[in-house]
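What follows is a single structure, written as structure tokens, with notes after it.
Starting from 1, each residue takes its place in the sequence as its number.
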Amino acid sequence: MDGNERFVNNELTARNYSKHVKNSAGGQYTEAVILSCLDSRIPVEEIFDRGIGDLFVARVAGNLVNEDMLGSLEFACKVSGSKLVVVLGHNHCGAIRAAVDNVKLGNITSMLEKIQPAVE
């Protein structure tokens, strides 16, 4: 919450990213895993004012959770010790709009079918 407040107030922490890469090379000890939409307007690390190695970020259009995504969340918590799972939604989600509009397009179709029950 503190990091998001810094983001909102445009007071982001100055970071030495090269140093962060070196410091995190030996392992990952994140406090949280964030399940976020693929949306490029939601830069997860930035909106929480976190750097390299601070968060696990799982991104998929519409915040869908399938077996692979669930396994990734379990890894973050049970193997790497993250204590917090955040599902970060947002307004004007294109995947949700596409499900509402019943879009049919390649692999997107099967993805949107998973959202469809919530639309109905």
Tell me whether [X] shares a hydrophobic cluster with [Y], the cluster being built from Ile, Leu, Val, Met, Phe, Trp, Tyr side chains joined at under 4.5 Å.
X	Y	answer
L55	L12	yes
V65	V86	no
V100	I108	yes
L84	L73	no
L70	M111	yes

Residue pair [X] / [Y]: nearest heavy atoms and the distance that separates them:
X	Y	result
A95	I115	O-CD1, 4.1 Å
G62	C37	N-SG, 3.4 Å
N63	S36	OD1-C, 3.6 Å
L105	T109	N-OG1, 2.7 Å
F56	Q28	CE2-OE1, 3.0 Å
L38	A61	CB-N, 3.6 Å

Under the salt bridge (Lys or Arg N to Asp or Glu O under 4.0 Å) definition, can you give me all pairs with a residue in [range], not counting sequence neighbours?
range	value
residues 26-43	D39-R41
residues 87-110	R97-D101
residues 52-67	none
residues 69-95	none

_In the structure I gave you, are the side-chain heavy atoms of I47 and L88 within less than 4.5 Å of one another anywhere?_
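Side chain of I47 against side chain of L88, heavy atoms only: contact under 4.5 Å found.
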_Beyond-backbone contact of V60 with L35, side-chain heavy atoms, under 4.5 angstrom_ =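 Yes. Closest side-chain heavy atoms under 4.5 Å.
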*Go through the structure and list residues passing side-chain hydrogen bond (donor to acceptor under 3.5 Å, both in side chains) with T30, not counting sequence neighbours.*
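T30: side-chain hydrogen bond (donor to acceptor under 3.5 Å, both in side chains) contacts with S82.
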*Of all residues at least two apart in sequence or in a different chain, which pass the side-chain hydrogen bond (donor to acceptor under 3.5 Å, both in side chains) check with R6?*
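Scan of R6 (side-chain hydrogen bond (donor to acceptor under 3.5 Å, both in side chains), adjacent residues dropped) gives D49.
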With sequence neighbours excluded, tell me which residues meet side-chain contact (heavy atoms from CB on, under 4.5 Å) with [X].
X	answer
V85	V33, C77
N66	D68, M69
N9	E5, E11
K114	L64

*Other cluster members, Y17 - Ile/Leu/Val/Met/Phe/Trp/Tyr, side-chain contacts below 4.5 Å*: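 Direct or chained contacts put Y17 with V21, I52.
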_With side chain to side chain contact (heavy atoms under 4.5 Å, CB included) as the criterion, how do Q116 and N102 come out once you've worked through the C-alpha distance, each side chain's angles and the decisive distance to 0.1 Å?_
CA-CA 8 Å; Q116 201 61 42; N102 203 26; 4.1 Å; yes
